Amino acid sequence: MTLAFEINCHFEDGTGCGFPGPTLYSFLFDPIFGDADSNLYFNKTMLLALLGSIVIVGFFWAAFRKPKVVPGKLQMVAEAGYDFVRRGIVYETLGKKEGEKYVPFMVATFFFVWMMNLWSIIPLAQFPVTAVIAYPAGLALVIYVMWMSVTFKRHGFVGGFKNITGYDKTLGAVLPMVMIIEFFSNVLVRPFTHAVRLFANMFAGHTLLLLFTIASWYLLNGIGIAYAGVSFVMVIVMTAFELFIQAVQAYVFVLLACSFLQGALAEHH
């Protein structure tokens, strides 16, 4: 990579001169194998998603394959994580009676999302899988289908329609307008925002890490070394902040999923 003191320009001008800031291509990867033109290929993000799944399954298998009454360190960590999602998210949102059967799915979703986020700060990987919109959208679609299925299974077709449209006859003349707004909000906007919230946060975080990392190297010259030092400190700060955001986004994603199910299970009045 070109350093600042080696060139006469300091901003990217399309000719390769200047600071090579992050672009859309920072989120695109060539196929490891397969043909990108035919959309039948396997690339880095797919590999990280697969490895992440293996890591999660392997961790919980190792922790619980021989469970003990007095847990060892690994089992204790796994139990703490499982119990956090079960009690701190599912039970708090859905209650123990309704929520128990959804605990395994929510635990799996939480740790999967968290692991996909964590790849951002793991050496060699250094990319959050959820910064590619297809992955949050796929997860949001699974939860959307579950939410709709539970809604109509619990309330029937008419009751389910009333549930997702916010039907309340006491609203009087404004009821049709409220039903239209609620329908579009629940059926279209809610799953969209569910996916985009996770995607946008991880996309922005990865962009900032790229920006400060590239700048730290680019500014390594003369008086610019001082700026490079500041930029490198920001890399450390942003990495620590990303650790926090990665966990928070996994928490929020599952919390919203539980809140959707809560609405689906609630009795309509």
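Computed from a predicted structure; not experimentally measured.
In terms of heavy-atom proximity, Val129 sits nearest to Ala49 at CG2-N, 4.1 Å. What you find for Leu209 and Val235 is that their closest heavy atoms are CD2-O, 3.9 Å. Contact record, Thr151 with Ala264: OG1-CB, 3.1 Å, taken as the closest heavy-atom pair. The shortest non-hydrogen separation linking Pro191 to Ala140 is O-CB, 3.9 Å. Across all non-hydrogen atoms, the minimal contact from Phe199 to Pro136 is CB-CG, 3.9 Å. For the pair Thr45 and Val132, the tightest heavy-atom approach, listed with the atom from each and the gap, is CG2-CG2, 3.9 Å.
Using a distance-only test at 3.5 Å, with no hydrogens or angles considered, a donor-acceptor pair links the side chain of Lys44 to the main chain of Ala125. When atom types are taken as modelled, the side chain of Gln126 and the backbone of Trp119 share no donor-acceptor pair closer than 3.5 angstrom. Here the side chain of Ser185 pairs no donor or acceptor atom with the backbone of Glu182 at under 3.5 angstrom. Remark: the backbone N or O of Met46 is paired with a side-chain donor or acceptor of Asn43 at under 3.5 angstrom. Proximity of a side-chain donor or acceptor of Asn163 to a complementary backbone N or O of Gly159 within less than 3.5 Å is not detected. Of the possible donor and acceptor atoms, one in the side chain of Ser231 sits under 3.5 Å from a partner among the backbone N and O of Phe212. Checking side-chain atoms of Thr165 against main-chain N and O of Met179 turns up no donor-acceptor pair under 3.5 Å.
Summarising the local packing, OH of Tyr82 is surrounded by more than 12 heavy atoms from other residues, nucleotides or ligands at distances under 6.0 Å. Taking a 6.0 Å sphere around CG of Asp35, one finds it holds more than 12 heavy atoms contributed by other residues, nucleotides or ligands. Within a 6.0 Å sphere centred on CZ of Phe184, heavy atoms belonging to other residues, nucleotides or ligands number 12 at most.
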- Tell me, with the steps shown, if Val187 and Met148 meet side-chain contact (heavy atoms from CB on, under 4.5 Å). CA-CA 9 Å; Val187 176; Met148 284 296 177; 3.8 Å; yes

- side-chain contact (heavy atoms from CB on, under 4.5 Å) evaluation trace for Phe111 with Phe59: CA-CA 11 Å; Phe111 283 99; Phe59 170 74; 5.6 Å; no

- Would you please test His155 and Lys162 for side-chain contact (heavy atoms from CB on, under 4.5 Å) and show each step? CA-CA 9 Å; His155 303 287; Lys162 289 181 178 180; over 6 Å; no

- Message: Please evaluate residues Arg86 and Glu79 with respect to the criterion salt bridge (charged side-chain N to carboxylate O under 4.0 Å, His left out), reporting the C-alpha separation (whole Å), side-chain torsions for both, the decisive distance (0.1 Å), and the verdict.
- Response: CA-CA 10 Å; Arg86 181 178 63 175; Glu79 285 181 355; over 6 Å; no

- Check the pair Thr207 / Ser26 against side-chain contact (heavy atoms from CB on, under 4.5 Å), numbers first and verdict last. CA-CA 8 Å; Thr207 301; Ser26 301; over 6 Å; no

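Placement of Leu118 and Val57 in two distinct hydrophobic clusters is found when ILVMFWY residues are connected by side-chain heavy-atom separations under 4.5 Å, directly or transitively. Clustering ILVMFWY residues whenever any of their side-chain heavy atoms sit less than 4.5 angstrom apart, transitively, puts Leu261 in a cluster other than the one holding Val189. Under the 4.5 Å side-chain heavy-atom criterion for Ile, Leu, Val, Met, Phe, Trp and Tyr, Met115 and Trp61 are members of distinct hydrophobic clusters. There is no path of hydrophobic side-chain contacts, each under 4.5 Å, that joins Met76 to Val107. In the hydrophobic clustering of ILVMFWY residues, with side-chain heavy atoms under 4.5 Å counting as a link, Leu210 and Val230 come out apart.
Using bins of under 30°, 30° to 60° and over 60° for the plane-to-plane angle, the ring pair Phe241/Phe244 lands in the tilted bin. Taking the six-membered ring for Trp and thresholds of 30 and 60 degrees, Phe127 and His206 have ring planes more than 60 degrees apart, a perpendicular arrangement.
Contact annotation: the side chain of Phe27 approaches that of Phe203 to within less than 4.5 Å [non-hydrogen atoms, C-beta and beyond]. At least one side-chain heavy atom of Phe84 sits less than 4.5 Å from a side-chain heavy atom of Tyr251. At least one side-chain heavy atom of Asp83 sits under 4.5 Å from a side-chain heavy atom of Arg87. Put simply, the side chain of Gln246 does not reach to within 4.5 Å of the side chain of Met116, judged on heavy atoms. Residues Val150 and Leu265 form a side-chain contact, since some pair of their non-hydrogen atoms from C-beta on lies under 4.5 Å apart. Counting heavy atoms from C-beta on, the side chains of Met146 and Phe105 come closer than 4.5 Å. No side-chain heavy atom of Ile56 sits less than 4.5 Å from a side-chain heavy atom of Phe110. You'll find the side chain of Leu198 stays beyond 4.5 Å of the side chain of Tyr135, heavy atoms only.
Once rounded to the nearest 0.5 Å, the distance linking CH2 of Trp114 with CD of Gln249 reads 13.5 Å. Atom CZ of Phe232 and atom OG1 of Thr213 lie 8.5 Å apart (nearest 0.5 Å). Rounding to the nearest 0.5 Å places OG1 of Thr93 at 11.5 Å from CZ of Phe260. Rounded to the nearest 0.5 Å, atoms CG (Asn186) and CH2 (Trp147) are 4.5 Å apart. Interatomic distance, NZ of Lys169 versus CG of Leu175, reported as 11.0 Å (0.5 Å rounding). Note that the CZ atom of Phe192 and the OH atom of Tyr144 stand 14.0 Å from one another [nearest 0.5 Å].
Of the candidates Leu94, Val90, Val85, Val103 forms a side-chain contact (heavy atoms from CB on, under 4.5 Å) with just one, namely Val90. Of the residues Asn117, Thr109, Thr130, the one that meets the side-chain contact (heavy atoms from CB on, under 4.5 Å) test with Phe253 is Thr109.
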